[in-house]
Amino acid sequence: SAVISQKPSRDICQRGTSLTIQCQVDSQVTMMFWYRQQPGQSLTLIATANQGSEATYESGFVIDKFPISRPNLTFSTLTVSNLSPEDSSIYLCSGRTGTEAFFGQGTRLTVV
Amino acid sequence: KQEVTQIPAALSVPEGENLVLNCSFTDSAIYNLQWFRQDPGKGLTSLLLIQSSQREQTSGRLNASLDKSSGRSTLYIAASQPGDSATYLCAVSRLGSTLGRLYFGRGTQLTVWP
């Protein structure tokens, strides 16, 4: 299966700042997905990122807070803007080859 | 809306035991089901993928079964080892939804002690 390199693996950020997370895939994938995992919770989909078009956001997530870029079929970024302590979570990117989904290593974000 | 439930939420066993983790989903119109492993603070590692037309998949000491009509899957771990300690997540891909978009359970946190 494909491999996603996600970075940073962790970061501690100040309130009001932003963090950009990058995911690089070692093969071309049509769709990439961004998930959030809050402490003790399961994964919640933030948005689906398509190359060449705007991302599709799930209910409760907005582009101003979570802007996403997808400049080509192997790369995507998620920015978490105007950080607050409630944004402290693990953020994961995902892609699909064939029928199987695969994930990056995750980014553990702590907002202080 | 697809909802995925995993039971138990946590499990602590001595090394060598055989284990069964349970997953249920509300909408049987699934494309496939995947079991993942997550180590603390880390990403997800895919363990097994079962297509909706399949009944089970095996990899080493792991065996996953799927009963689509009843909305259930089980992950069987044989001869558990301390290195199996992790959170195990079940996720389904739903028909009619974006393929690759997964619906997750909350996971079973497994501890295997020596």
Side-chain angles (χ1 to χ4, degrees), chain A residues 1-12 21 23 25 28-50 53 55-60 73 76 88-110, chain B residues 1-10 21-26 30-54 57 59 64 66 68 86-109:
Chain A
S1 62
V3 174
I4 300 181
S5 297
Q6 182 174 344
K7 59 182 182 181
S9 59
R10 60 176 58 224
D11 208 341
I12 301 173
I21 303 167
C23 281
V25 192
Q28 294 185 341
V29 294
T30 305
M31 291 184 187
M32 292 183 70
F33 305 88
W34 287 95
Y35 291 85
R36 180 177 72 180
Q37 186 179 29
Q38 295 178 299
Q41 304 295 315
S42 191
L43 280 74
T44 300
L45 182 67
I46 297 171
T48 302
N50 302 314
S53 63
T56 303
Y57 288 83
E58 296 294 301
S59 175
L73 292 175
S76 181
S88 297
S89 297
I90 297 175
Y91 293 85
L92 299 109
C93 61
S94 171
R96 177 183 62 85
T97 54
T99 59
E100 185 169 4
F102 54 94
F103 284 78
Q105 302 94 322
T107 296
R108 179 185 283 273
L109 169 62
T110 302
Chain B
K1 182 183 175 182
Q2 179 71 273
E3 293 188 2
V4 181
T5 303
Q6 291 186 246
I7 295 173
L21 309 183
N22 297 292
C23 172
S24 62
F25 44 94
T26 54
I30 64 169
Y31 188 77
N32 59 35
L33 182 146
Q34 272 183 267
W35 282 93
F36 293 91
R37 169 186 172 136
Q38 185 178 32
D39 292 289
K42 302 295 185 182
L44 275 63
T45 301
S46 180
L47 298 173
L48 289 165
L49 169 73
I50 310 178
Q51 298 294 348
S52 61
S53 59
Q54 297 176 320
Q57 284 286 336
S59 176
L66 174 64
K68 195 175 71 166
T87 296
Y88 290 80
L89 293 163
C90 167
V92 298
S93 178
R94 202 178 70 176
L95 284 175
S97 180
T98 302
L99 187 60
R101 186 250 198 266
L102 297 177
Y103 297 82
F104 283 86
R106 292 191 172 208
T108 294
Q109 185 174 349

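We name chains A, B, ... by the order of the sequence lines, and we start the count at 1 in each one.
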Can you name the nearest heavy-atom pair linking Ser76(A) to Met32(A), along with the distance? CB-SD, 3.8 Å
What part of Gln37(A) is in contact with chain B, defined as an atom under 4.5 angstrom from a non-hydrogen atom: side chain, backbone, both or neither? side chain
Measure distances from Leu102(B) to the heavy atoms of chain A and classify the residue's part below 4.5 Å as side chain, backbone, both or neither. both
Just give me the residue among Gln41(A), Gln6(A), Met31(A), Arg10(A) that pairs up with chain B most often, heavy atom to heavy atom, under 4.5 Å. Gln41(A)
Please classify the contact of Phe102(A) with chain B as side chain, backbone, both or neither, using a heavy-atom distance under 4.5 Å. neither
How close do Ala86(B) and Asp39(B) get, heavy atom to heavy atom, and via which atoms? CB-OD1, 3.7 Å
Is Gln51(B) close to chain A through its backbone or its side chain, or both, or neither, when contacts mean heavy atoms under 4.5 Å? side chain
Chain A heavy atoms under 4.5 Å from Leu44(B): which part of the residue, side chain, backbone, both or neither? both
Plane angle bin for Phe104(B) and Phe36(B) - parallel if under 30°, tilted between 30 and 60°, otherwise perpendicular: tilted
Atom group of Leu43(A) that falls short of 4.5 Å from chain B, counting heavy atoms: both
Please find the pair of heavy atoms, one from Ala49(A) and one from Ala55(A), that lie closest to each other, and give the distance. CA-CB, 4.4 Å
Under 4.5 Å to a heavy atom of chain A? For Gln38(B) that would be side chain
Identify which one of Tyr91(A), Phe33(A), Tyr35(A), Trp34(A) satisfies the ring pair (Phe, Tyr, Trp, His ring centres under 6.0 Å) criterion when paired with Phe103(A). Tyr35(A)
May I have the step-by-step check of side chain to side chain donor-acceptor pair (under 3.5 Å) for Glu3(B) and Thr26(B), ending in yes or no? CA-CA 6 Å; Glu3(B) 293 188 2; Thr26(B) 54; 5.5 Å; no
